[in-house]
Amino acid sequence: MLDAKFIVEHAEAVKQNCRNRGVQADVDRFVQLEAQRRTKQAEWDELNRQANQVAKQIGQAKEAAQRETLKEQGRRLREAAADAKKTLDAIQEEMLQIQKQIPNMTHPDAPVGDASANRVCRHGKTPVRQFDFQPLDHVQLAERLDLLDLDAGARVAGHGFYYLKNEAVLLELALQRYAVEALQKEGFTLVITPDLARNEILEGIGFLPRGPETQIYSIENTDLSLVATAEITLGGMFADQILEAEQLPIRLAGISHCFRTEAGAHGRATRGIYRVHQFTKVEMFAFTLPDQSDPMLEQFCQLECRLFDGLGVPYRVIDTATGDLGGPAYRKYDLEAWMPGRGEWGEVTSTSNCTDYQARRLGIRYRVKGEKGTQFAHTLNGTAIAVSRAMIAILENYQQADGSVLIPEVLRPWVGKERIELKT
RNA sequence: GGAGAGGUGGCUGAGUGGUCGAAAGCGUCGGUUUGCUAAACCGAUGAGGGCGCUUUUAGCCCUCCGCAGGUUCGAAUCCUGUCCUCUCCGCCA
């Protein structure tokens, strides 16, 4: 969420930003409501002040008759105050609805336009491999190597679910271990988060748990949902907390399962485990001071690059265009890995600087010693490893002419072998 | 799941209808003292919003004692709901 005062004072910039991002939000109405809110707020304050004054007099009044008169007066004032409050609440509710639709402001260097304006800003160290045979996609590979059971997944839980088998299980664990150890060396605090969270937290991060378009599975008769990413639970860790400035930045590396309904995504890249309802992800998250968030985004992006360079997977880095940014993001980089079987680049990581947009909703603040008041922290998130997609990239890039798949060297200590052989 | 206790400021913790945004202690910050440090002493020290001022500094008002409602002229205090924490019992990986 943007600050209400900021919206009012920079209405034109906010409107332009909405246009750049292709978002409809009635900024003018918001500005108008803010003026009304102030008036009503003043009215409510004044009525309360009077009522408080009367209440004090009653405490001191000696005569019963005088007390009764004052009581009546107090009653009327409280009623009037309640009315004013009702109007005030209605105004604030309408403002909140608009405010929630307004996306974050955008980094001046982010390309302006829709998804076609996305800018490739760099490539990984590993070159795209030229095959001297027809490469298979991960589904074919997994079938031949007995790594995946999509049929059983569908039978048990429906389309979009899957069983990992044999070396794929080891690969999943190895990828987690690889990411987690790398991040620990970088000084991240390791955490395993809940896989469920309160809807209030989801909303604070910027997910909508309800509605026809929702990506979120919710738990019936509770206010809980399955998390779509550990970003939710990591960001929620400090909800309503006041941090000390010297604690920042705080960097967390969290493991969670991720659950997504993928509503409306049928028919598009649905083959295999590219788009699934459940996967495991190692996620980076940071809470920073405002002037630390830009460099932190670069750091997150570099860490993602290093992880995929280490895996020996070819990738490119996308500086996401305004029209393709999610609401909370100020700037976002995606890593897209080359997936030979699919014959296209596929998103494997995503890192965003959300500035204070999430922190304002979640109440994540910091205090500077010696200064009055508190400020909202900045939050950033970034994928270290999304296991299912990383696994596709590895299987497809490391496949051999004889049908086997080499294990990336960095993962061999955990997989315990250097090659996945065809079963005979 | 059952029974009980409890959620108050950065922390500990007092406060059972009015003068309580809230004692006290700790912590933190500033000052005095001091060769330095410590101790001691003095002072300051919650958040959000509004008015005012606008060069700065004051000043004033409202809201907030987990959260949401209710009773009342008046609620941290009484009532209801809810969330959370702790203890004991049960169950269980």
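Letters go in sequence order (proteins before strands), and every chain restarts at 1. A quick note: this is a predicted structure, and the numbers were derived from the prediction, not measured.
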For B/rC20 and B/rU8, measure between their C1' atoms and round to the nearest Å.
12 Å
Determine the Euclidean distance between corresponding P atoms of B/rA38 and B/rG27; express it in Å to zero decimal places.
12 Å
B/rG21 and B/rG46, which share atom name P, separated by this distance in whole Å:
15 Å
For a quick test of reading the model: is some side-chain N or O of A/Asn48 closer than 4.0 Å to OP1 or OP2 of B/rC61?
no
Using a strict threshold of under 4.0 Å (side-chain N to carboxylate O), is an ion pair present between A/Asp89 and A/Lys85?
yes
I'd like the C1' distance from B/rU72 over to B/rU16, given in whole Å.
16 Å
Whole-angstrom distance between B/rA47 and B/rA23, as gauged at atom P
15 Å
B/rG50 P sits how many Å from A/Lys40 NZ, rounded?
17 Å
B/rU28 to B/rU37 separation - P atoms, rounded to the nearest Å
16 Å
CD of A/Glu34 versus C1' of B/rG50: gap in Å, rounded?
11 Å
Checking base pairs now: Watson-Crick or wobble, both atom distances under 3.5 Å. What partners B/rG74?
none
Proximity to the side chain of A/Arg37 - top-ranked nucleotide from B/rA47, B/rU63, B/rG50:
B/rG50
Any strand, both distances under 3.5 Å, Watson-Crick or G-U wobble: B/rU57 pairs with none
Between A/Lys281 and A/Glu283, does any side-chain N to carboxylate O distance fall below 4.0 Å?
yes
Is A/Glu79 paired with A/Arg75 through a side-chain N to carboxylate O contact shorter than 4.0 Å?
no
What integer distance in Å separates A/Ile201:CD1 from B/rC83:P?
16 Å
In whole angstroms, the gap separating C1' of B/rC62 from CD of A/Gln92 amounts to 13 Å
Listed once per pair and sorted, the salt bridge (Lys or Arg N to Asp or Glu O under 4.0 Å) pairs that draw on residues 159-183 of chain A, sequence neighbours left out
A/Asp146-A/Lys165, A/Glu167-A/Lys417, A/Glu167-A/Lys423, A/Arg177-A/Glu181
More than 12 heavy atoms of other groups within 6.0 Å of A/Ile192 CD1
no
Counting primed atoms plus P, OP1 and OP2 as sugar-phosphate and everything else as base, spell out the protein contacts along nucleotides 65-78 of chain B at 4.0 Å heavy-atom distance: B, S or - for each nucleotide, 5' to 3'.
--------BS----
Only pairs with both distances under 3.5 Å count, Watson-Crick or wobble alike; so what is the partner of B/rC29 in this structure?
B/rG43
B/rG6 -> Watson-Crick or G-U wobble partner, both distances under 3.5 Å, gives B/rC84
Under a 3.5 Å limit for both distances, which nucleotide forms a Watson-Crick or G-U wobble pair with B/rU12, could you say?
B/rA24
Going by distance alone, is a donor N or O of one side chain under 3.5 Å from an acceptor N or O of the other, for A/Gln299 and A/Arg251?
yes
Both distances below 3.5 Å, Watson-Crick or wobble geometry, any strand: find the nucleotide opposite B/rA93.
none
Hits for side chain to side chain donor-acceptor pair (under 3.5 Å) against A/Glu186, two or more places apart or cross-chain, chain-then-number order -> A/Arg306
Applying a 3.5 Å limit to both distances, which nucleotide forms a Watson-Crick or G-U wobble pair with B/rG52?
none
For the C1' atoms, the ones on B/rC73 and on B/rG1, what distance do you get once it is rounded to whole angstrom?
45 Å
A/Lys15 vs A/Asp28, salt bridge (charged side-chain N to carboxylate O under 4.0 Å, His left out): CA-CA, chis, key distance, verdict:
CA-CA 9 Å; A/Lys15 281 197 275 189; A/Asp28 290 327; 2.8 Å; yes
Could you tell me the separation between the CD atom of A/Glu244 and the P atom of B/rC29, rounded to a whole number of Å?
11 Å
Please report, rounded to the nearest Å, how far the C1' atom of B/rG46 is from the OH atom of A/Tyr366.
18 Å
Interatomic distance where CG belongs to A/Asp45 and P belongs to B/rG52 [whole Å]
13 Å
Provide the distance between the two P atoms, one in B/rC65 and one in B/rA76, to the nearest whole Å.
7 Å
Touch class at under 4.0 angstrom, heavy-atom based, for A/Arg367 against every strand present:
sugar-phosphate
By nearest-heavy-atom nucleotide on RNA chain B, the more 5' of A/Arg198 and A/Gln375 is A/Gln375
Reported OG-to-CG distance for the pair A/Ser293 and A/Asn353, which is rounded to 0.5 angstrom:
4.0 Å
Protein-nucleotide distance (A/Leu47, atom CG; B/rC51, atom P), rounded to Å:
17 Å
